[in-house]
Protein chains: 2
Amino acid sequence: MVQDTPDVAAWAALLRVHAALVPVLDRELQAAHGLPLTWYDVLLELNAAPGRRLSMGELGAAAVVSRTRVSRVVDQLAAAGLVAREANPDDRRSAYAAITEAGRKRLRAAAPTYLAGIQRHFTARMTAREAAVVATALEKVLSAD
Amino acid sequence: MVQDTPDVAAWAALLRVHAALVPVLDRELQAAHGLPLTWYDVLLELNAAPGRRLSMGELGAAAVVSRTRVSRVVDQLAAAGLVAREANPDDRRSAYAAITEAGRKRLRAAAPTYLAGIQRHFTARMTAREAAVVATALEKVLSAD
DNA sequence: TAGAAGTGTGTGCGCACGCACATTCCTACG
DNA sequence: CGTAGGAATGTGCGTGCGCACACACTTCTA
C-alpha cells in the first residue's frame with residue numbers, strides 16, 4: 001500500500017499497529033484498574049530491577065517513557081503511593097524510585113488484563129512462529145549502537 | 001527481559017522500537033527537508049490515493065495520524081501550499097484534501113531520506129526474510145475487525 | 001586543595017494530541 | 001414533504017510530552 005519494498009512495508013505496518021493498539025490497551029488497562037500504560041510500564045520495570053528500585057536515569061533508559069518524563073511520572077506514582085523516592089547515599093545527585101508493596105500489588109492485579117489484551121489484539125492474529133520472529137528481529141534492532 | 005513469554009516479548013520490543021526510532025527518523029526528515037513525520041505520512045497517503053485526494057475521514061482512517069488531528073495538519077499543509085482543500089459537490093459536509101504539485105515535489109525530494117533512514121536504523125538490523133515475516137504478521141494484526 | 005569540567009535530576013515553557021461538543025448537511029421514515 | 005436520526009467536519013480545552021535550561025553534586029586536573 002504505502003511502498004512496494006517489503007522493508008518499508010514492515011516499518012509502515014509497525015507504525016500502524018502501534019497507533020491502533022496502544023490506545024486500546026491503554027483504555028482497557030485504565031478502565032479495569034485505573035492504571036495508565038505509562039504507569040504500568042514504569043512499575044513493571046521497577047519491579048524487575050535488582051532491589052526493586054532504579055535511579056531516574058536508569059529508569060528513563062529502561063522504560064519506554066522518556067528520561068525527562070520519568071520525573072513527573074514518578075511524582076504521580078509517589079502521590080498514589082505506588083512508588084517511593086529514596087536517596088542515594090553514594091551519589092547525592094541521584095534519586096532512586098522504589099516500587100512499594102502497594103505498587104507490586106497493583107501491578108500484579110493489572111498484569112492479567114494487560115497480557116490478555118496483548119494476546120487478544122496482537123498475538124492471536126499471528127502464529128507462534130511469527131511472534132517469535134517478530135520478537136527476535138525487533139530485539140536485534142534495539143541492540144543497535 | 002520484561003516477561004518470559006515470547007508473545008509479550010514481541011509486543012514489548014515493538015513498543016521500544018517505536019519509541020527509539022520515531023524521534024530519530026523524524027529529526028532526520030525535519031533536518032534534511034523541514035518536513036515533520038506527520039506531514040510526510042499525510043502527503044504519502046494523499047499521493048497514493050485515487051485522484052490524489054481523500055476526504056478527511058478517509059485520510060484519518062488511512063494515515064497514522066488520528067482523525068481529529070487531520071483537520072489541523074491539513075490546515076498547516078495548506079498554509080505551506082503542499083495540499084489544497086477542495087469541496088465535495090456530492091456531499092457538502094465532506095471536505096477533500098488534495099496534494100498539490102509542490103506537495104508531490106516535496107514528497108519525492110524527502111522520500112530518499114526517509115527510506116534510507118528506515119533501511120539504516122531498521123531493516124539493516126534484520127534479514128530480508130525476517131523483515132518479510134514482520135510485515136506479513138503485523139499486517140494481519142491490522143486487518144483484524 | 002581549589003577550580004574546571006562533567007553528570008544526574010528537576011522544571012518552565014511551548015507544541016502535539018485527543019476528547020467532547022457544536023455545526024452543517026445528508027438520509028430514512030412516517 | 002417534514003421531521004428525527006445519523007454522519008462528516010472543525011474547534012475549545014485539558015493533558016501528555018520533550019527541549020532547553022538551571023541547580024546540585026561529583027570527578028578530574030593542575
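Quantities reported herein were computed from a predicted structural model and do not represent experimental measurements. Numbered from 1 within each chain, the chains take letters A, B, ... in sequence-line order.
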In whole Å, what is the span from the CG atom of A:L59 to the P atom of C:dT9?
10 Å

Mind listing the closest non-hydrogen atom pair of A:H121 and A:E28 along with its distance?
NE2-OE2, 2.7 Å

Could you grab the distance from atom CH2 of A:W11 to atom NE2 of B:H18, nearest 0.5 Å is fine?
7.0 Å

Note: for A:S55 and A:P23 on DNA chain C, the residue whose nearest nucleotide lies more 5' is A:S55

Contact between B:F122 and A:L138 at the side-chain level, heavy atoms closer than 4.5 Å - yes or no?
yes

Given C:dT9, is OP1 or OP2 found less than 4.0 Å from the side-chain N or O atoms of A:S94?
yes

Using heavy-atom distances to pick each residue's nearest nucleotide on DNA chain D, tell me which of B:V70 and A:P89 is more 5'.
B:V70

Within 6.0 angstrom of A:R85 CZ, more than 12 heavy atoms from elsewhere
yes

Between P of D:dT15 and CG of A:D26, the distance in whole Å:
15 Å

Whether each nucleotide of nucleotides 1-7 of chain C has a protein heavy atom under 4.0 Å at its base (B), only at its sugar-phosphate (S) or at neither (-) is summarised, 5' to 3', as -----BB

Between C1' of D:dT9 and CG of B:L54, the distance in whole Å
15 Å

Can you list the residues that meet the side chain to side chain donor-acceptor pair (under 3.5 Å) rule with B:E58, with sequence neighbours excluded?
B:S55

Would you say that B:L29 contacts B:W39 through its side chain, given a criterion of any heavy-atom pair below 4.5 Å between the two side chains?
no

Any side-chain heavy atom of B:L46 within less than 4.5 Å of one from B:R52?
no

What is the distance from CH2 of B:W39 to P of C:dC15, rounded to the nearest Å?
14 Å

Polar atoms only, N or O, under 3.5 Å: list the protein pairs with nucleotides 16-18 of chain D and their distances.
| residue | atom | partner | partner atom | Å |
| --- | --- | --- | --- | --- |
| D:dC17 | OP2 | A:R69 | NH1 | 2.8 |
| D:dG18 | OP2 | A:S66 | OG | 2.5 |
| D:dG18 | O6 | A:R72 | NH1 | 3.3 |

A:N88 atom CG is separated from D:dA24 atom P, nearest whole Å, by 18 Å

Electrostatic pair B:E45-A:R16, nearest N-O below 4.0 angstrom:
yes

Can you measure A:Y96 atom OH to C:dG10 atom P for me and round it to whole angstrom units?
13 Å

Tell me, do B:V141 and A:T123 make a side-chain contact under 4.5 Å, heavy atoms counted?
no

Nearest-Å distance, CD (A:E86) to P (C:dT9)?
14 Å

To the nearest angstrom, how far is A:D90 atom CG from D:dT27 atom C1'?
15 Å

